[in-house]
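See structure below.
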There are 2 protein chains.
Amino acid sequence: MTQEPPTRPRRATLADVAARAGVSVPLVSIVMRDVPGASDATRERVKKAADELGYRPDSRARMLRSSRTQLIGVVFGVQHPFHGDLVSGLYSAADAAGYELALSAVTPGRNEERAVASLLQDRCEALILLGPTLPTTELANLADRMPVLVVARPVRSRVVDVVRTDDAAGIQLAVDHLAELGHSRIAHIDGGRAPGAAERRRGYREALDRHGLDDALILPGGLTEDDGAAAARRLLAASPRPTAVTVFNDRCATGVLDVLRREGVSVPGEMSVVGFDDSSLARLSHVALTTVAQDAERITALAVSRVIARLDGHPAPDEREQVIAPHLVVRSTTAPPRPGLRRPAGPHPACDAGPLPLPGPLG
Amino acid sequence: MTQEPPTRPRRATLADVAARAGVSVPLVSIVMRDVPGASDATRERVKKAADELGYRPDSRARMLRSSRTQLIGVVFGVQHPFHGDLVSGLYSAADAAGYELALSAVTPGRNEERAVASLLQDRCEALILLGPTLPTTELANLADRMPVLVVARPVRSRVVDVVRTDDAAGIQLAVDHLAELGHSRIAHIDGGRAPGAAERRRGYREALDRHGLDDALILPGGLTEDDGAAAARRLLAASPRPTAVTVFNDRCATGVLDVLRREGVSVPGEMSVVGFDDSSLARLSHVALTTVAQDAERITALAVSRVIARLDGHPAPDEREQVIAPHLVVRSTTAPPRPGLRRPAGPHPACDAGPLPLPGPLG
DNA sequence: CTGAAAGCGCTAACAC
DNA sequence: GTGTTAGCGCTTTCAG
């Protein structure tokens, strides 16, 4: 067996293609970029030569030469499911606009500062940050150098753009849904100091007001399953016990569901639960969580177009923050309240393993 | 209110720093790269100037000039939770070795070809592909141009490196665990044609053989919750009914759990369940799935070091494939078999809300 | 230890 | 249409 080639063939350059096609380098450049300035015959010849050489343009040289890099930097949390949806949307939007994305992940061992720093070295023209925890002053610093757009975190600043879900409206949708089902004692498990938590608290209060329900009950929660579990125990201890609860996010709601089921509290019979995010968690058939869905596609489309508008020097709109309406996804954790002890089976009561399936939302 | 600055300050270059520090450009380069060739006094002065100007090196120009880019391209699935773990590990490993990562995501609207193509334009020196579905011939094509390493998919090829979990050994761990608990009727729900599925089937068969259990039962499964749900129904219909089952992955196992609980089959009392991946799903407190964990840290460390060895021209090792031993994470879905109808409570039987906890692996 | 010159691969100006 | 010239920001020779 001969040794594998220790020396790889040098990559073909424009000059190689030019030589092979018998034309000048700039002409090849013109052809490769599909811009006017070459005859069809030449185009043909050059493309053939490039093909034969397996030529691939060098984006770094290209970006170095032209002042525009057409690069948008994106900082995202590699562990965060919803960020996956957002990144997908950003790719499509950027692609449609002729921009490239430079991804930089935040991981347990790589903080936002580092993620941003690497993007700066890559000479991105703008930055899109997904749910950043960077202090506002840092964001402002960045915005001083380039357009910065924050997704999914409310930032009060005159220098960065923000695109986010209307958190308050989201919780209001949830409360409306529960109120329509007939619930009057609706609690809220909040997200503490997490991004959006304050808005969701406010939305909850306002919705209760609108429905003339005045016994608001806000329990301290958090972002994780465990936070939800702890809050659920307090929820059950409340007197009078609420018949429904809106929870800060799906993860937390999952923890709530867990405790409820362990305690033998039927969901949605004795307690209706609404989450937030419509994460993959909520969609699991055995969770089937009614939840408030964020419109990732719209959010990302707006984010990209806003950032590009900045790059094109369009004047700043009055409001630097754009809030996107969420929508409610009704699954199986919400139903009309059931004051009695009999546990009616909802479409999917995971732990009501007993017989008697009584389908239909209304008994 | 004055208008915001429509014209952003040009980024500082080496020349700017040089001018400010009163030295030549190359000298600044030497200082910025921390290589020998400058006096301490100069170093001090240059660094100060760079700082004041907010200088950031231009990675593109740097890579263009030096033949090495020190860039490793990574293709990953943005929706795949386990890829998140892998990306985290790759970052640490690459960082420690002085390499950068160029991330390129596969999304519903962006296939692997595109993800790879963008990486090629970025002049990565090597490619690491996470669970790719690219045909082997494509992989070989790529490997012709640069070192290519595939993670988490068995590829029989002499030209690409592979680092993956020992799938067969993983299932064997699961079967060993179940056999030790006293199970003799152990089924397997497989992953069809998914990467690793064949190996896991084989591991299951071999493990059964080793334990002298000859009634192997392999049920067609898949990767999703729904696949698991369907398989679980067949599992329950089997006669004699198995007392334990190993499942292709955690997602599928979740679907299995769901059906079991709905059908009133106690887990782990009447049926023990083992998953594969140790995904976040398995870790959820209300799922608490016993599962086979892949060692993401070791996998990524090996992947990076192998790829760098290639770049450094080290000779290819005999075996281009490296299989990493997984380990078992015992949670609450496995326990000794209970032939009777009484449902004993394991450490966490989400639906066995009854009392009597009988701890200890052996009854 | 420091500076001058050259050039990575490409594109933007100009000539012809 | 096509070729020539210049230079993006940086690193690499090589002189001094």
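Just so we're on the same page: letters track the sequence lines, and every chain starts at 1. Only a predicted model underlies this, so the values are computations on that prediction, with no experimental measurement involved.
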Would you tabulate the side-chain donor-acceptor contacts of residues 75-82 of chain B under 3.5 Å, counting partners in other chains and residues two or more places apart, or write 'none'?
unit_1: B:Gln79; atom_1: NE2; unit_2: A:Asp85; atom_2: OD1; d: 3.4
unit_1: B:His80; atom_1: ND1; unit_2: B:Phe82; atom_2: N; d: 3.3

Salt-bridge present (A:Asp16, A:Arg10; N to O < 4.0 Å):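 Result for this pair is yes, salt bridge flagged.
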
Note: B:Arg114-A:Asp95 ion pair, threshold 4.0 Å (strictly below):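 A:Asp95 and B:Arg114: salt-bridged.
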
Distance in Å, B:Leu120 CG paired with B:Leu127 CG, rounded so as to fall on 0.5 Å steps: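 B:Leu120 CG to B:Leu127 CG: 6.0 Å, rounded to 0.5 Å.
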
B:Leu27, nearest nucleotide to its side chain (from C:dC1, D:dG3, C:dG3):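 Within the option list, the nearest is C:dG3.
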
Rounded distance in Å - CD (B:Gln121) to C1' (C:dC10):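 Atom-to-atom, B:Gln121 to C:dC10, this comes out as 13 Å.
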
Reading 5' to 3' through nucleotides 7-15 of chain D, protein heavy-atom contacts under 4.0 Å coded B for base, S for sugar-phosphate only, - for none: BBBBBB---

Touch class at under 4.0 angstrom, heavy-atom based, for A:Ser24 against every strand present: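 A:Ser24: base contact, heavy atoms under 4.0 Å.
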
For residues 18-31 of chain A, which side-chain donor-acceptor pairs fall under 3.5 Å, sequence neighbours excluded?
unit_1: A:Arg20; atom_1: NH1; unit_2: A:Glu52; atom_2: OE1; d: 2.0
unit_1: A:Ser29; atom_1: OG; unit_2: A:Arg33; atom_2: NE; d: 3.1
unit_1: A:Ser29; atom_1: OG; unit_2: A:Arg33; atom_2: NH2; d: 3.0

